Amino acid sequence: MTTPLLDINGISAFYGPIQALRTVSLHIDTGEIVAIIGANGAGKSTLLMSIFGHPRISGGEIRYNNVDISGTPTHRIAAMGLALVPEGRRVFPAMTVAENLLMGATPVNDRSGDADLDRVYQLFPLLKERRKQRAGTLSGGEQQMLAIGRGMMSRPTLLLLDEPSLGLAPIIVQRIFQTLRDIADSGVTICLVEQNANHALRLADRAYVLVNGDIKMTGSGSELLGNPDIRRAYLAGA
Amino acid sequence: MTSILPTNLSIRHLLLETLTAFAVAAVIFCPIVGIHLNGYDFDLGHLKLALGLALGIAITRLVLALFLNTGVGARLAQHIMDRRQAPVAVAPTTRRLWAHVFVVLVLIGAVAFPFMAKKYFITVLILALIYVLLGLGLNIVVGLAGLLDLGFVAFYAIGAYTLALGHQYLGWGFWQSLPAAAALAALFGCILGFPVLRMHGDYLAITTLGFGEIIRLVLTNWVDFTGGPNGVSAPKPTLFGIEFTRRARYGGTPFHEYFGGEYNSEALYIFTYLLLLITVCIVVYINHRLKRMPVGRAWEALREDEIACRSLGLNHVLVKLSAFTLGAGIGGVAGVFFAGYQGFVNPTSFTFFESALILAVVVLGGLGSTRGVIIAALALTILPEALRQFADFRVLAFGGAMVFMMIWRPRGIIRPVRPSFSTIEANHAG
Ligand SMILES: Nc1ncnc2c1ncn2[C@@H]1O[C@H](COP(=O)(O)OP(=O)(O)OP(=O)(O)O)[C@@H](O)[C@H]1O
Ligand SMILES: [Mg+2]
């Protein structure tokens, strides 16, 4: 069996007395699209952020390419080929679209930003149109595209996304998920965290269900999509 | 701002506003103007004057409100109070010619000035330029990197004492001290930077405030080394060994003997002024470059969202330290000029008020705007000189100016305009 790209092994994370992750284990293989679904407060964001050392885990290990990265400083992790598209997008509002994208190129400081920009503009032609607009004045959907584009600027091997569908109209969600599919087809491994289980499970090869900081279920996307418990808990009305 | 900009004129509203203005003004002016201490008694004879002032303010308020209701006034107010102005504007990549012309004209004027002005005016401008330097230094820390530093005066003090003590103990002159002071202040900036890296907002402000006070207290109490409250004398600047004093003090030749001619007491000030002007230009240029460099972009990004930055691979430690170090170094240079110009330093020049003044320069100038900082520094040092007879009210006026600024132009006199970071964007124009 080949070693997974990212191997999370029994990690726990605390915020003061609150335990947000309870010995979570999961793995992501190269080329996969993996979804992690869960309700509000399940610990999805904590899981993604802890891969970036924020918060630091207090047990278990995180192996990326077979290297333990659980003690690596946050700012070094991006240079290892991981990119995070954080919850709520967190673009830099006062900077223009192009400047935001260039910030994303920080880990690959070989000044070939031009080609990377072109690639991102191909993924999201709209960003090219808006390249001189300040990011704070973009619509939510455009900001999400920008956040994903910014993540792609570092040419990641593994792209981690925290609720890319948050607060977006279904048509925009569809477009963004289509782009995620294109990104995956270009050879980038994707792990996305979602409450929007419907879209996420359709896109994902495999998925995990996180409940109260604990992995409660796992299976292929279509398996979970057909599971009555999942349908009741996460797909009500969908 | 509805209270200042009533949409339609309401008499009741207007009267209420006027009365409020009167009451507030009376409360402020009665104790300040109205009551005079006369031995152990109060002399209330000036109360009428105080009430008169308050009445004057109330009437002004009324007239202002009426004016703002006319079409012209409303438009003016709209223009002045446009709060929706963007935090930072991005300059168009194409430069305007007149901007260059303007800069050149200002420079010519600045160079010609000392040869035409009286000594007094030169000294005022020297002090003003020192504040420009301080403002530019603090602007890097507060304006660009967004780290609120209330103890900036510490670096100013370190620079000044480097000149004075370097001369006393090591026999250094002005020119040896200049780089040494910049380096030493930068080192202290770095030392301060480390413990405060994890702090934000209030905590950072309090810690830096404490740091400033520690430096001042050390200077005051370490009498054996620093001379304590009595201070130390500092050498004057020289030009390649040529001195500007009547008699050579540091083993050089006095200027007037070297070139022949009469001793001119203004020469030293003219020289100091020109030297400062050059230094300011260099610092402005450095500032200008920094804003375009990746580190400038990193400061701005870090100011906006630290977590996002770190996940993007930005080393926040280096980025913040670089701001502290650079700013402190510039503060140190300003300190050397201050000590050299005064010929003497003691700790009373480096109180918290000084830090507050420098911060006022940065805030009034518009956080991050180089032009704004220069204008504010000149205004805050020249105006109090021009209004010497009201010197007692200086702090009150500052306070007032701050309040008005926060209401009218919360982003400062000049809205920060920074250049576009990248030339790459231009390539994508098509
Ligand atoms: N900075 C913090 N300090 C203290 N507690 C926190 C912090 N961040 C998260 N938590 C707690 O940790 C738990 C998990 O939060 P987390 O943000 O990971 O949830 P989530 O699954 O991402 O939820 P959502 O879907 O609403 O984003 C919650 O109980 C939350 O209150
Ligand atoms: Mg979350």
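None of the values given here were measured: they were computed from a predicted structure. We name chains A, B, ... by the order of the sequence lines, and we start the count at 1 in each one.
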TODO: List the steps and the verdict of ring pair (Phe, Tyr, Trp, His ring centres under 6.0 Å) for Phe155(B) and Phe211(B).
DONE: CA-CA 10 Å; Phe155(B) 308 118; Phe211(B) 178 74; 5.8 Å; yes

TODO: Might you work through the side-chain contact (heavy atoms from CB on, under 4.5 Å) test for Leu204(B) and Leu150(B), ending with a clear yes or no?
DONE: CA-CA 9 Å; Leu204(B) 178 67; Leu150(B) 292 184; over 6 Å; no

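Note that CG of Leu359(B) and CG of Asp149(B) are 8.5 Å apart. Values are rounded to the nearest 0.5 Å.
With salt bridges taken as basic N to acidic carboxylate O contacts below 4.0 Å, one links Lys44(A) and Glu163(A). For Lys132(A) and Glu99(A), the salt-bridge test fails: no basic side-chain N is under 4.0 Å from an acidic carboxylate O.
When the heavy atoms of residues 45-81 of chain A are compared with those of chain B, the residues falling under 4.5 Å are Met49(A), Phe52(A), His54(A), Thr74(A), His75(A), Ala78(A), listed by number.
Taking the side chain to side chain contact (heavy atoms under 4.5 Å, CB included) definition, one finds that Ala183(B) meets it with nothing, sequence neighbours left out.
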